[in-house]
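Below, chain A is the first sequence line, B the second, and so on; all start at residue 1.
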2 protein chains.
Amino acid sequence: MGVTIRDVARIAKVSISTVSRVLNDKCNVSEDKRVRVERAARDLGYIPNPAAQSLHSSRTGSLGVLLPFVSGEFYAEFLNGVDKTAQNGDWLLMISTSHNSEDELRAALKGMYRRVDGLLIMAPNITAESVLMQPHDDIPVVFVNTRCEDEAISLITFDNHGGMREMTRHLIATGHTRIGFIRGPVLAFDAAERERGYRDAHREAGLTVNEELIVPGKYSQQSGHDGAVRLLGMDPRPTAIMASNDDSAIGALSAIREAGLDVPSDVALTGFDDVPSARFTVPPLSTVHVPVRELGARSIEVLMECIKTGQISRLPHQTMDVELRIRKST
Amino acid sequence: MGVTIRDVARIAKVSISTVSRVLNDKCNVSEDKRVRVERAARDLGYIPNPAAQSLHSSRTGSLGVLLPFVSGEFYAEFLNGVDKTAQNGDWLLMISTSHNSEDELRAALKGMYRRVDGLLIMAPNITAESVLMQPHDDIPVVFVNTRCEDEAISLITFDNHGGMREMTRHLIATGHTRIGFIRGPVLAFDAAERERGYRDAHREAGLTVNEELIVPGKYSQQSGHDGAVRLLGMDPRPTAIMASNDDSAIGALSAIREAGLDVPSDVALTGFDDVPSARFTVPPLSTVHVPVRELGARSIEVLMECIKTGQISRLPHQTMDVELRIRKST
DNA sequence: TAGTTTCATGAAAACCTTTTCATGAACCTG
DNA sequence: CAGGTTCATGAAAAGGTTTTCATGAAACTA
């Protein structure tokens, strides 16, 4: 079917060993044959068969990326960083989603067996430890934003707890005491951390958390909308609403406006993540900036580094800083 | 390193041929050996080496997806449909981006040579014909939202022109005659089609297009913001602004609000794509609904079908319908 | 019972590379 | 000039799977 190394050898009138040498080592081959081989390869449009290369070298040239979802600005930005960095390093990306299901994660993992040289896994509602056994015992794995206590596992996170605590402090400092909180998914590690930040800031300020003000959410715009509707229906209603991420803040914003209220004069509103849209809401959203793209880039850098040095993930856990972006919604 | 078919054969005390038969054909093998093999495979956690399988069968089990970008809600939604459909069909995805550069596209194409069984390409500012030669002569290729005249090339698009014409008609019907237009990227096929829709609706209504009212943009929120600032600075200013996509409409919306104007009473605003956020802007955005996720899903379905039937893309061009979603911004 | 068919089984080839090994030829060195 | 070294080259093995082919035993048919 395709053109193989034999074809090149035949046209160049040399052995396939020589062709391979020219195309790889570039040493110990006469000038004469080198040009013949290079010319034949170019004329035929020869590209080595990656399956054969991989079979021999057990390298694939691909990285596996496993995310909970692929839609939404957060993941899109993350992928942006991942993609750019991988492309620079000349790696191909194999991408799959788990929908936060451990079974799907395992299935994807199995599907990528021997198809990738390293794995990047984001699984906020599964522990890294529970996933890591399984077939991939001999390639580096880097976890991102995942619950993980084992220091021997490579992990990169950002400060979910600290970011939300800071933001809560900011609201308390500007006089709010009745602050609604729209949670993230029940099982998500990062959602729990964010809620913990909300609680800790209250405690530090000597305020007790009114459990009624914490309503469920799913990080989606729709769930943020619904959560805000619920909070606004309370009497007295909260003077501020903290959404667990920007998407739900955007949903909450539309609910607040539908109720005929103004942000921030009637209700202050905050998000988390600082997705690109957060700058362009009306009013611009005060939120916790997470370096999402850099997070993706860094994760791939670490993974590439592990592969290069042959390490099966023994890097210290890294936590990326977040910072408040106070705009006009508070 | 890993466990191979030989190991299974050794443990089960049969030949490797028998192991392969058990794991594939399932015919012509005695019950006795079958259970021994199945048991050994399970105990050892055997997974066939995909490189070896691919070398033999020249199947990879992967699909290549080439997009201009990966960030932004549009691509994220598209990927969502792609991912779900591929996962259902038990295909892995190899994803890469071209950044609208023909060179990058070619490089990615070359990188995917023999690594995928089919290709999905979205390249709005390149023609399908110019890309299609190159190494991939023997696998199916499906183009999406790409300029393509050759009927022998598989293509799936949506009605960029008709959608924008309809939306323009809607604005004209509600009394607008001075309608600003924020373009998309200069070389993008779909951006040109959308502009053509804007112009055609004007012509049909007997209006001449004021070229000054057409300002450049890049489909991004920032460029939409800048475009709107420019349009609002005109005297008299337009009574409506059409953005070429939702992202730039979101940017324009923030610019309009910064100028102290109201949507829609001072300025009407429209988008294109109907990304998830469009429902949650304030006010909710009138836009042209594009079935983005279905587009991704359909493209993969077509690709899988081509692969199954062994066709190298001879399907008739398909155009998916778009429809107006009139919300509160007009 | 002799001859034929069916069937389970293992050996070996093929897929395409890369790399090791063996073979000579050409080149030094004392 | 004899012995040793360097170097270009091709043959062959290895990597793990699937598939074809050959073998021989068991099962049928006349």
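Electrostatic pairing of B:D7 and B:R10 counts as a salt bridge here, judged by a charged N lying under 4.0 Å from a carboxylate O.
Counting to the nearest Å, the C1' atom of C:dA14 and the CZ atom of A:R6 are 10 Å from each other. Atom CD1 of B:I47 is separated from atom C1' of D:dT17 by 15 Å (rounded to the nearest Å). As a whole-Å value, the separation of B:N49 CG from D:dT18 C1' is 13 Å. Following rounding to the nearest Å, A:H56 (NE2) and C:dT18 (P) show an atom-to-atom distance of 8 Å.
Within 4.0 Å (heavy atoms only), A:T4 reaches sugar-phosphate atoms of the nucleic acid but no base atom.
A donor-acceptor pair shorter than 3.5 Å cannot be found between the side chains of A:Y75 and B:N80. Side-chain atoms of B:T60 and B:D117 include a donor-acceptor pair closer than 3.5 Å.
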Would you tabulate the nitrogen or oxygen pairs shorter than 3.5 Å linking the protein to nucleotides 5-9 of chain D?
unit_1	atom_1	unit_2	atom_2	d
D:dA8	OP2	A:N28	OD1	2.6
D:dT9	OP1	A:S30	OG	3.1
D:dT9	OP1	A:K33	NZ	3.3
D:dT9	OP2	A:S30	N	2.9
D:dT9	OP2	A:S30	OG	3.2

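Nearest heavy atom pair, residue B:H317 against residue B:C148, reads CE1-O, 3.7 Å. Shown here for B:E77 and A:S71, the closest heavy-atom pair between the two residues is OE2-CB, 3.5 Å.
Residue-to-nucleotide proximity on DNA chain C shows that, of B:A52 and B:K13, the 5′-proximal contact is made by B:K13.
Distances were taken from every side-chain heavy atom of B:Q53 (C-beta onward) to each of C:dT19, D:dT17, D:dG16; the shortest belongs to D:dT17.
Ring geometry, A:F158 versus A:F74: the interplanar angle falls from 30° to 60°, so the pair is classed tilted.
A close approach under 4.0 Å does occur between a side-chain nitrogen or oxygen of B:Y46 and OP1 or OP2 of D:dT17.
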